[in-house]
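Presented below is the structure to which this report refers.
Every heavy atom of this structure was used, including side-chain atoms; hydrogens, water molecules and symmetry mates were not.
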Amino acid sequence: MVALINPSKALNTYRKSDAVFIVCQNNSRKIVEIAALNDEAMRVTGYTNEELVGQPLSIILPERIASIINEFVEFQEDEKDLFAVLSKIREFAIKTSDSREVEFKLRIIPGEAIDKNPWFHLVLVDEEKLRKESIFRDMLKENFKGHEVINETTGLPNRLSLIKDVELIIYYVQNKNISASFAVLDINHYEGLKAEYGEKVCTEIHKHISTICKQKLRSEDTIGTLSERSIGIILVDASQEAARMVLNRLRWAISITALKVKSEELLTQVNVCFTEIDGKISNTELIEKCEGYMAGQRAKINNSIQLVVTHERRAEPADRRKVSIPVEKERRRMGDRRGKRKK
């Protein structure tokens, strides 16, 4: 198999509920091979990572689908590849380790070709689970809206609302096994912009950035005003790696989208810091750590994205049973028997 650069990083960009396989169309061997799979893919197939990596994709496919791949995929560069063939299969299914067939909605995403061998991400979406998640996300949005107060200047939920939203999402992270991340977007060179253009234009910049966020993020993600220069974002169902990718795209979208100010077009930038919400610190601590980090880095960074470590892992306490307690030589020499019961 052709080596793939950091497949685990690519897998981390997907929803936890999606079963994802990374496969290589090995044209020299004329076979489609499994290169990596995530935890959900192992769960739904019943196979372990060690059992599937390096094996033909056909090992988890019903015979009818494996036959279509064998018959129609042309193992040559720039010919009919796996994407072209699987895209036409309407009813996709996998075969589990106990020979059951499970149907999924298939999304196939072409990757970069390496050594003339194309790579693909196969995302298997459980539509029933997707429906339940959709109901949950709708409920979450309603819960957020139930206590939100809108900042009259920016049109976004205010700081107190965002603090309550983070408190709620921490509860769901702890009790409902979802992933989420929190980010602070800080307007770059804000004081200089305020001095040059005035407070009114800075408010328009804040609104401009929030509009781009609303366009680029999912409807269940929450955007709120932290201060006149910063926006807070809660990304639902987003691990640390997925959040980094989403926020990086968002950062660049902001940097290339101009805001019209009178007769000129103004390009603005944001610095981003973020952290995955793990439920180990409170909502106020989490927000304050991110804001504190941003304040400390503001003079050093320019249009950047930074991960914030919100808590340090404590060192494991020493096992007293394994601690060697030295005994004074003089006490040993004299045959000290203190603490020994008399017969």
Side-chain donor or acceptor of [X] paired with backbone N/O of [Y] under 3.5 Å:
X	Y	result
N175	Y171	yes
T225	L156	no
E40	A19	no
E285	S282	yes
N248	R244	no
S230	L226	no
D278	K280	yes

Spacing of [X] atom [atom1] and [Y] atom [atom2] [to the nearest 0.5 Å]:
X	Y	atom1	atom2	value
L185	H206	CG	NE2	9.5 Å
Y190	N271	OH	CG	15.0 Å
N151	S161	CG	OG	9.5 Å

Exercise. What about L247 and M294, same hydrophobic cluster or not, with Ile/Leu/Val/Met/Phe/Trp/Tyr joined at side-chain heavy-atom distances under 4.5 Å?
Worked result: no

Exercise. What's the shortest heavy-atom distance between S239 and S181, and which atoms?
Worked result: O-OG, 3.6 Å

Seminar exercise, completed: Shortest non-hydrogen pair, I150 vs P157, comes out as CD1-N, 3.9 Å

Problem set entry | Salt bridge present between E33 and R29 (N-O < 4.0 angstrom) | yes

Exercise. Got Q297 and Y293 here, is their nearest side-chain heavy-atom distance under 4.5 Å?
Worked result: yes

